[in-house]
Colleague: 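Here it is: the structure, laid out below.
Every chain is numbered from 1, with letters handed out A, B, ... down the list of sequences.
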Amino acid sequence: MTGERPADENVVAALEVDLHDTLKYSLLGPSLTKSGQDNVDQTKVSEIIYNASKGSKFFNHEEYRDKNLTQKIERILGKKKQLEKLDLASDRRKADDCIAELELARDLSQTLVHIDCDAFYAAVEELDRPELKDVPFSVGKGVLTTCNYHARKFGCRSGMAGFVAKKLCPQLIQLPLNFDKYTSKAQEVREIIVEYDPRFESASIDEAYLNITGYCEKHDISAEDAVQQLRREVHEKTKITISAGIAANAKLAKICSNQNKPNGQFLLPSDRNAIMAFMSDLPTRKVNGIGRVFERELDAVGVKTCGDIYAYRQYLSKLFGEKSFFFLMQCYLGLGRTNVQPAEEYERKSVGTESTFRDMNDPVELRDKLRATAEELEKDMLRTKFKGRTLVLKIKLHTYEVLTRQIIPPKAVYLKEDLYNFAVPMLAKLEQDFPGMRLRLMGLRCTHLVSMKKPDTMSFFGFKRKATGPLDTGGSVPSSPQKRKADALSTDEGQWEQWPDELLFEEAERQEREDELQELETLSQEIDKRRHHGKEVVPNPTPKKGAAEDPTEDEWWDCPICMRPQATDEKAFNGHIDLCLSRQTIKDAVQETGETPTTKPLKRPSTASEKGKNNRSGAGGDPKQKRLCFG
DNA sequence: CATTTTAAT
DNA sequence: CTGCATTAAAATG
């Protein structure tokens, strides 16, 4: 395409390429590793994407982020240069010790499978409209959620903007989403895979992890044959093709399911040498937690494959942090988790909603939007039966810059009125800090959740996870035992145990205590209203690690009244509370002193405080402020 | 050092 | 040029 231009323009174009090739690579999108692109000329594709998006606000923001990343990489490289001068023997030893320890714990006894439906949404649409089979089409309007393999030949990909995809493939047909259709189809698939592992884990609507060790043993069948059979069965019964990876752990299985996509499977033998060889020349990007940013950072220091990690092991901790170091060690060794558990058994940490809309800067309109967002969140909170101790407001400016602000309301919240009322001050503060700000997205999220599930339904009351799973908080036990017949059946396999009556009693006590704490919170809010004329928000007395958590998991709790750490022993703790309450009740505090009874109030979040008004975003010389342009 | 905010997946 | 959730690192006071 450059051949048509005059020579000097070619020079300019070449310069642009040099300046922006990292950006172009980034613009290729997050799903570069996904299949169906092998025969596509990525250079040509990125050129088209680049030209299609050039000049847009989105592009400018990507450019900005790309520059930041380039700078960050320069810092990393500088640091590496420094490190090269030093003696890193101890770091190398640390890495070697880590490797030795990990190696010792390597578990090759399990057979894990990752299955992934091929172009799932598109496949479901094709079932309804077979004529789509021979033409390129995508599902999703503004952004492609997925597209069929015809479209992929043109460079179209999930996550790509619709208009960009149209540039790559003008014939592309874009279908709207039919989420219900995909959900029910996914359910059909799940009904089949549950026979292979009753405790399979849904990773998303079209992905699942299975542990088929038991199945293979029971049916005296090889893993490969079992998966072959599973895939055939799924195809016969649902007309959906799936790809699968078979390996010793979840990380490897996930990588393997991509190897022979679509409609294929790949087995990585559970053999240390085979695994090491497999990882040795595997590009880092193929690993699940490594995306385009980390890939570039690793590439910059010389790590292109998982095998390369070893040679740089003495640098990684200092360059990327302890967690990344540990993660990379596991990548090098091809290690991953071998346990698989139903997704419902994972403890939820937040509930939130967000939406994108046409640019908006009218304060009244913004408040309307906030109210609507609060209403949406209330629905989700009621559905999931949670309250949140922390409320997070997220906005995206018209420039695509994202900002979040959070507060700790005086009580756990979930009602739309509360959500709105406690969020409005954050919005107001943002409007103050960024006068005339224009938004394209608004979101609300509750974190530090408190369950509202009452432990009074047999659906969960009689059972408790035995393993040290996240379910130890009585409230977050899965509420949907109806479909997983295995849950009820596997009691004798040691997966579940009946709660002893004693524990049941303690659970009831725990619930009572939680309710008490809730009352305290409400009262302390009352105090606060009187003290601050309803204007300000004061933190609630909260046990250090959250009142809803199982005390046996913590070393100690803060007494919500005197704030002193207390033993986790329930009797002792309750005894102390009684004492504390009798000595100094909340109501006394209100009537006599007007002070909250907490001798050591929790720190107030800056967003809700007066002294927070001069924090960085408001400061005149803040580079962030300059960067933002409001029209 | 604890908490808040950002950034990445 | 989505939406939802989780996690880690950076920034902040």
Colleague: Where does the angle between the aromatic ring planes of Tyr315(A) and Tyr312(A) fall among parallel (under 30°), tilted (30 to 60°) and perpendicular (over 60°)?
Modeller: tilted

Colleague: Considering heavy-atom distances to DNA chain C, does Met160(A) or Thr353(A) have its closest nucleotide positioned more toward the 5' end?
Modeller: Met160(A)

Colleague: Taking only the side-chain heavy atoms of Gln406(A) (C-beta and beyond), determine which of dT9(B), dT4(B), dC1(C) contains the nearest atom.
Modeller: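 Closest nucleotide among those given: dT4(B).
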
Colleague: With Glu365(A), which residues qualify under salt bridge (charged side-chain N to carboxylate O under 4.0 Å, His left out), at least two apart?
Modeller: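 Counting only residues at least two positions away or on another chain, Glu365(A) forms a salt bridge (charged side-chain N to carboxylate O under 4.0 Å, His left out) with Arg358(A).
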
Colleague: Establish, with yes or no, whether the OP1 or OP2 oxygen of dT2(C) is under 4.0 angstrom from a side-chain nitrogen or oxygen of Arg440(A).
Modeller: yes

Colleague: Which nucleotide wins on minimum distance to the side chain of Glu354(A), given the candidates dC4(C), dC1(C), dA8(B)?
Modeller: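 So the nucleotide nearest the side chain must be dC4(C).
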
Colleague: What closest approach, in Å, do Tyr209(A) and Ala203(A) show between heavy atoms, and which atom pair accounts for it?
Modeller: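 Heavy-atom minimum between the residues: CE1-CB, 3.8 Å.
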
Colleague: Taking only Lys NZ, Arg NE, NH1 and NH2, and the carboxylate oxygens of Asp or Glu, determine whether Arg383(A) and Asp380(A) approach each other closer than 4.0 Å.
Modeller: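 Looking at Asp380(A) together with Arg383(A), the answer is yes, because their closest N to O distance falls below 4.0 Å.
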
Colleague: Does a side-chain N or O of Arg348(A) approach OP1 or OP2 of dA5(C) to a distance below 4.0 Å, or not?
Modeller: yes

Colleague: Ignoring the backbone of Phe294(A), work out which of dA9(C), dT9(B), dT5(B) is nearest its side chain.
Modeller: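 Minimum distance to the Phe294(A) side chain belongs to dT9(B).
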
Colleague: Between dA5(C), dG3(C), dC1(C), which nucleotide gets closest to the side-chain atoms of Leu441(A)?
Modeller: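 It is dG3(C).
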
Colleague: Could you walk me through whether Tyr346(A) and Glu201(A) pass side chain to side chain donor-acceptor pair (under 3.5 Å), step by step?
Modeller: CA-CA 10 Å; Tyr346(A) 284 103; Glu201(A) 174 174 330; 3.3 Å; yes

Colleague: Could you write out DNA chain C as a dot-bracket string, with dots for unpaired bases, | for bases paired across to another strand, and Watson-Crick or G-U pairs counted at under 3.5 Å?
Modeller: ....|||||||||

Colleague: With a 4.0 Å cut-off on heavy atoms, is Thr404(A) in touch with a base, just the backbone sugar-phosphate, or nothing at all?
Modeller: base

Colleague: Walk me through it: do Glu401(A) and His61(A) pass the test side chain to side chain donor-acceptor pair (under 3.5 Å)?
Modeller: CA-CA 7 Å; Glu401(A) 179 162 16; His61(A) 187 249; over 6 Å; no

Colleague: Let me spell it out: for each of Lys323(A) and Gly162(A), pick the nucleotide of DNA chain C with the closest heavy atom. Which residue's pick is nearer the 5' end?
Modeller: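 Upstream on the strand: Gly162(A).
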
